[in-house]
Amino acid sequence: MTVKTRFAPSPTGFLHIGGARTALFSWLYARRHGGRFVLRVEDTDRERSTEEAVNAILEGMAWLGLDYDEGPFYQTESFDRYREVLDKLLEEGHAYRCYCSRERLDALREEQQARKEKPRYDGRCRNLTEPPQGAGDPVIRFRSPQEGQTLIDDRVRGRVSFDNAELDDLIIARADGSPTYNFTVVVDDMDMGITHVIRGDDHLNNAPRQANILKALGVTPPVYAHIPMILDENGKKLSKRTGAASVMDYRDQGFLPEAVVNYLVRLGWSHGDQEIFSLDEMVSLFDIDEINASASSLNPSKLLWLNQHYLKTSDPAHVARHLAWHLGTLGVDPDDGPALEALVDAQAERSKTLVEMARNSLFFYCEPEGYDEKAARKNFKGEASTVLARVREALAGLDDWDASAIHGVVEGVAEELELKMGKVAQPIRVAVSGGPVSPPIDQTLALLGKATTLRRLDAAVSHIEKSGEFISDAP
RNA sequence: GCUCCCAUCGUCUAGUGGUCCAGGACGCCGCCCUCUCAAGGCGGUAACCGGGGUUCAAAUCCCCGUGGGAGCGCCA
């Protein structure tokens with residue numbers, strides 16, 4: 001049997017992190033077993049479904065690299081098929097028309113709640129032979145078995161049993177004839193030949209209803225795997241207020257998709273003590289049986305750690321492409337500076353995110369706006385201008401502008417002036433970057449280029465001399 | 001309220017009756033390295049929710065409690 005999984009989001013918002021993991025697990029399972037992965041958009045609620053949401057979901061999937069073999073399918077395009085199955089169910093007595101008004105249903109629910117009972121339909125129309133007098137358009141309800149139990153052999157929960165008495169006759173088609181969720185899922189899973197349903201455990205309670213409908217249709221239910229929820233860092237339910245709820249927020253915050261995917265796969269799933277997984281490794285190792293049954297909380301610092309890991313170890317050209325995008329959002333032209341791959345090499349080990357990397361690299365593209373006050377006070381003391389002037393002079397005579405040559409020159413000046421490396425490198429750093437932090441000074445200058453370096457050194461020397469005069473004039 | 005699910009360091013987790021006075025990772029703390037910031041190396045801190053069983057033996061199995069979560073829509 002060929003494995004076939006699906007991801008079935010409803011387009012009522014962006015692709016959030018929990019949905020992304022569900023999609024990832026489904027994708028992984030299909031890939032692992034050489035099966036197929038389908039994307040199905042559950043848009044039967046026309047009131048709430050939007051095209052923007054569809055696009056946001058597609059964009060999120062694409063960014064994560066989760067490709068699908070079939071789809072995207074839209075449920076709104078299968079209404080004829082749902083109608084057909086509905087008629088069949090009606091004909092065979094597995095479903096019936098219900099004429100109860102919303103008012104009656106609301107009142108019923110309230111009464112039951114007041115009596116501390118579980119709200120459920122009381123079956124008034126279950127055995128009707130004719131429509132009642134003056135009845136409006138009926139909804140269609142599934143005739144749910146009233147006795148016995150429904151067993152779900154869930155791959156992550158184990159065997160879960162439900163008393164059928166707990167399950168009422170759910171509505172499978174609205175008064176306007178449109179089908180509802182629990183029905184369309186069943187029909188689509190059946191028609192598409194879905195073998196494994198991997199979804200959030202908020203659907204666990206729907207499983208017995210769906211299994212019963214499938215049974216009425218004479219079909220064996222798929223294998224279910226209900227995966228636990230993802231909570232925010234405080235163990236609370238995720239909401240839009242949680243820093244990054246949408247996967248696209250993670251892109252905007254400077255994460256690499258492979259870091260997000262690696263982070264997500266380890267949330268609820270593990271393979272011994274291994275933390276780092278390439279996509280290929282995930283595909284060959286992933287299994288439903290290793291999914292944890294308990295909910296997990298987001299751990300932002302671990303994601304940051306993973307992101308830096310990928311920043312450091314991925315192909316610099318790949319990282320460079322992402323960095324270029326972020327530089328662009330900061331209003332910088334990535335072509336108007338050092339070679340990006342070299343920049344990535346220099347900055348990766350001091351960046352947790354691409355945003356951080358881009359911001360800390362700004363001085364390679366634009367003149368620093370003044371000097372960091374504290375850094376200048378510490379490194380631009382009187383004699384610093386002499387040091388910088390000497391460095392400038394030595395550097396000006398350098399023909400091969402590369403890191404090792406630059407290193408030699410800077411070291412030479414330090415020896416000549418009998419200064420420690422720090423006393424020379426740090427003033428240069430502040431002079432060229434405007435602040436106290438940059439990659440190693442030789443690399444920084446190599447990246448910056450000779451002309452820019454000399455120009456900034458000159459500017460720093462005159463800055464120091466000017467403020468030096470000012471200070472010595474003071475009483 | 002009813003039904004269903006869950007429960008190991010702060011967090012992600014390993015652990016499937018003995019090899020566990022519980023292992024790894026992130027974070028945190030300390031040391032080393034060092035031109036800054038980092039990165040890296042080394043070391044440290046920290047957990048089996050509680051109570052009953054079962055068993056020669058329980059983090060691992062069972063029951064109860066407690067705590068968390070989900071569902072109970074003409075939403076998905």
Side-chain angles (χ1 to χ4, degrees), chain A residues 8-12 42-45 47-49 75 98 100 102 105-106 109 112-120 137-141 152 154 156-158 160-163 165-168 170-176 178 180-182 184-185 200-208 226 228-229 231 233 235-237 263 266-276 290 292-306 308 312 347-352 360 375 379 407 410-411 414 420-430 433 435-442 444:
Chain A
S10 63
T12 51
E42 312 228 318
D43 56 350
T44 50
D45 183 355
E47 307 260 310
R48 283 188 248 189
S49 301
Q75 293 192 316
C98 168
C100 295
R102 290 173 198 256
L105 262 18
D106 290 344
R109 222 183 331 263
Q112 292 171 138
Q113 268 161 352
R115 265 185 268 129
K116 301 196 186 303
E117 287 171 14
K118 180 174 177 172
R120 76 232 288 177
D137 290 335
V139 299
I140 298 174
R141 285 184 188 272
I152 300 295
D154 190 278
V156 351
R157 309 278 150 179
V160 183
S161 76
F162 297 85
D163 282 332
E166 291 295 330
L167 275 22
D168 64 354
L170 69 156
I171 292 174
I172 55 178
R174 303 180 181 90
D176 68 2
S178 63
T180 61
Y181 167 75
N182 276 116
T184 56
V185 170
D201 72 4
D202 46 337
H203 288 287
L204 183 55
N205 290 293
N206 288 325
H226 288 95
M229 313 229 66
L231 276 18
E233 53 254 61
K236 294 292 170 206
K237 197 179 167 181
Y263 178 71
R266 281 288 289 103
L267 219 49
W269 176 81
S270 60
H271 181 74
D273 286 337
Q274 191 171 343
E275 295 289 349
I276 306 293
E290 292 164 319
N292 214 13
S294 54
S296 39
S297 303
L298 254 18
N299 182 353
S301 53
K302 187 163 183 179
L303 206 210
L304 247 12
W305 170 75
L306 270 167
Q308 181 165 43
K312 286 188 302 186
Q347 296 280 226
E349 66 192 32
R350 67 206 86 242
S351 310
K352 297 263 190 223
N360 290 340
N379 298 290
H407 187 82
V410 176
E411 217 166 34
K420 282 193 182 171
M421 198 52 179
K423 287 286 178 196
V424 181
Q426 199 57 4
I428 302 175
R429 176 169 285 114
V430 178
S433 76
V437 176
S438 88
I441 203 64
D442 45 3
T444 301

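Here is the naming used below: chain letters follow the sequence lines, and residue numbers restart at 1 for every chain. Since the model is a prediction, treat every value here as computed from it, not as a measurement.
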Taking [atom1] from [X] and [atom2] from [N], how many angstroms apart are they, rounded to a whole number?
X      : N     : atom1 : atom2 : result
A:L298 : B:G10 : CG    : P     : 18 Å
A:E349 : B:A39 : CD    : C1'   : 5 Å
A:K302 : B:G27 : NZ    : P     : 10 Å
A:D273 : B:G24 : CG    : P     : 8 Å
A:R350 : B:U36 : CZ    : P     : 11 Å
A:R266 : B:A25 : CZ    : P     : 12 Å
A:E233 : B:U11 : CD    : C1'   : 10 Å
A:R429 : B:U36 : CZ    : C1'   : 4 Å

If you only use heavy atoms from C-beta on, which nucleotide in [options] is closest to the side chain of [X]?
X      : options             : answer
A:M421 : B:C35, B:G27, B:U3  : B:C35
A:N299 : B:C35, B:G24, B:U11 : B:U11
A:S270 : B:A76, B:U36, B:U13 : B:U13
A:T44  : B:G27, B:C6, B:A76  : B:A76
A:N292 : B:C26, B:U36, B:A14 : B:A14
A:K312 : B:A39, B:C5, B:C6   : B:A39
A:Q426 : B:G27, B:C35, B:G1  : B:C35
A:S301 : B:G27, B:C35, B:U3  : B:G27

For [X], which contact category applies under a 4.0 Å heavy-atom criterion: base, sugar-phosphate, or nothing?
X      : result
A:S161 : sugar-phosphate
A:D442 : base
A:G200 : nothing
A:Y263 : nothing
A:S438 : base
A:P439 : base

Pick the closest RNA chain B nucleotide for A:Q308 and for A:S10 by heavy atoms, then say which residue is nearer the 5' end.
A:Q308
Tell me which of A:Q274 and A:D45 sits closer to the 5' end of RNA chain B, going by the nucleotide each one is nearest to.
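Going by which nucleotide is closer to the 5' end, it is A:Q274.
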Return the pairing partner of [N] with a 3.5 Å limit on both distances, Watson-Crick or G-U wobble; otherwise return none.
N     : value
B:A14 : none
B:A76 : none
B:C48 : none
B:U54 : none
B:A70 : B:U3
B:A39 : none

Taking the [atom1] atom in each of [N] and [M], what is the distance between them to the nearest angstrom?
N     : M     : atom1 : value
B:C21 : B:A59 : P     : 9 Å
B:A47 : B:G53 : C1'   : 24 Å
B:U11 : B:A46 : C1'   : 12 Å
B:G68 : B:U8  : C1'   : 16 Å
B:G51 : B:G23 : C1'   : 28 Å
B:G1  : B:U60 : P     : 29 Å
B:C28 : B:A38 : P     : 11 Å
B:U45 : B:A22 : P     : 11 Å

Return yes if some donor-acceptor pair links the side-chain N/O of [X] with the main-chain N/O of [Y] below 3.5 Å, else return no.
X      : Y      : result
A:S297 : A:L231 : no
A:R120 : A:A165 : yes
A:S438 : A:R429 : no

Of the non-hydrogen atoms in A:Q308 and A:E349, which two are nearest, and what is the gap between them?
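Reported closest heavy-atom pair: NE2-O, 3.1 Å.
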Within-4.5 Å side-chain heavy-atom neighbours: [X] and [Y]:
X      : Y      : value
A:Y181 : A:D45  : no
A:P11  : A:S49  : yes
A:M421 : A:H407 : yes

Can you check side chain to side chain contact (heavy atoms under 4.5 Å, CB included) on A:Q347 and A:N360, steps first, answer last?
CA-CA 8 Å; A:Q347 296 280 226; A:N360 290 340; 4.1 Å; yes
Going by atom types only, do A:N299 and A:S301 share a side-chain donor-acceptor pair under 3.5 Å?
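Present: a donor and an acceptor within the cut-off.
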Phosphate oxygens OP1/OP2 of B:A38: is one of them under 4.0 Å from a side-chain N or O of A:K352?
no
Please name all residues satisfying side-chain hydrogen bond (donor to acceptor under 3.5 Å, both in side chains) with A:E42, sequence neighbours left out, ordered by chain then number.
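A:E42 satisfies side-chain hydrogen bond (donor to acceptor under 3.5 Å, both in side chains) with A:R40, A:Q75 only.
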Given the rule in the side chain to side chain contact (heavy atoms under 4.5 Å, CB included) test, do A:L298 and A:L267 qualify, once you have shown the distances and angles that lead to the verdict?
CA-CA 8 Å; A:L298 254 18; A:L267 219 49; 3.6 Å; yes
Give me the distances for all protein-to-nucleotides 65-74 of chain B N/O pairs that come in under 3.5 Å?
{"residue": "B:G71", "atom": "O4'", "partner": "A:N205", "partner atom": "ND2", "Å": "3.4"}
{"residue": "B:C72", "atom": "O2'", "partner": "A:P119", "partner atom": "O", "Å": "2.6"}
{"residue": "B:G73", "atom": "OP2", "partner": "A:R109", "partner atom": "NH1", "Å": "3.2"}
{"residue": "B:G73", "atom": "N2", "partner": "A:R48", "partner atom": "NH2", "Å": "3.1"}
{"residue": "B:C74", "atom": "O2", "partner": "A:R102", "partner atom": "NH2", "Å": "3.4"}
{"residue": "B:C74", "atom": "O2", "partner": "A:A175", "partner atom": "N", "Å": "3.0"}

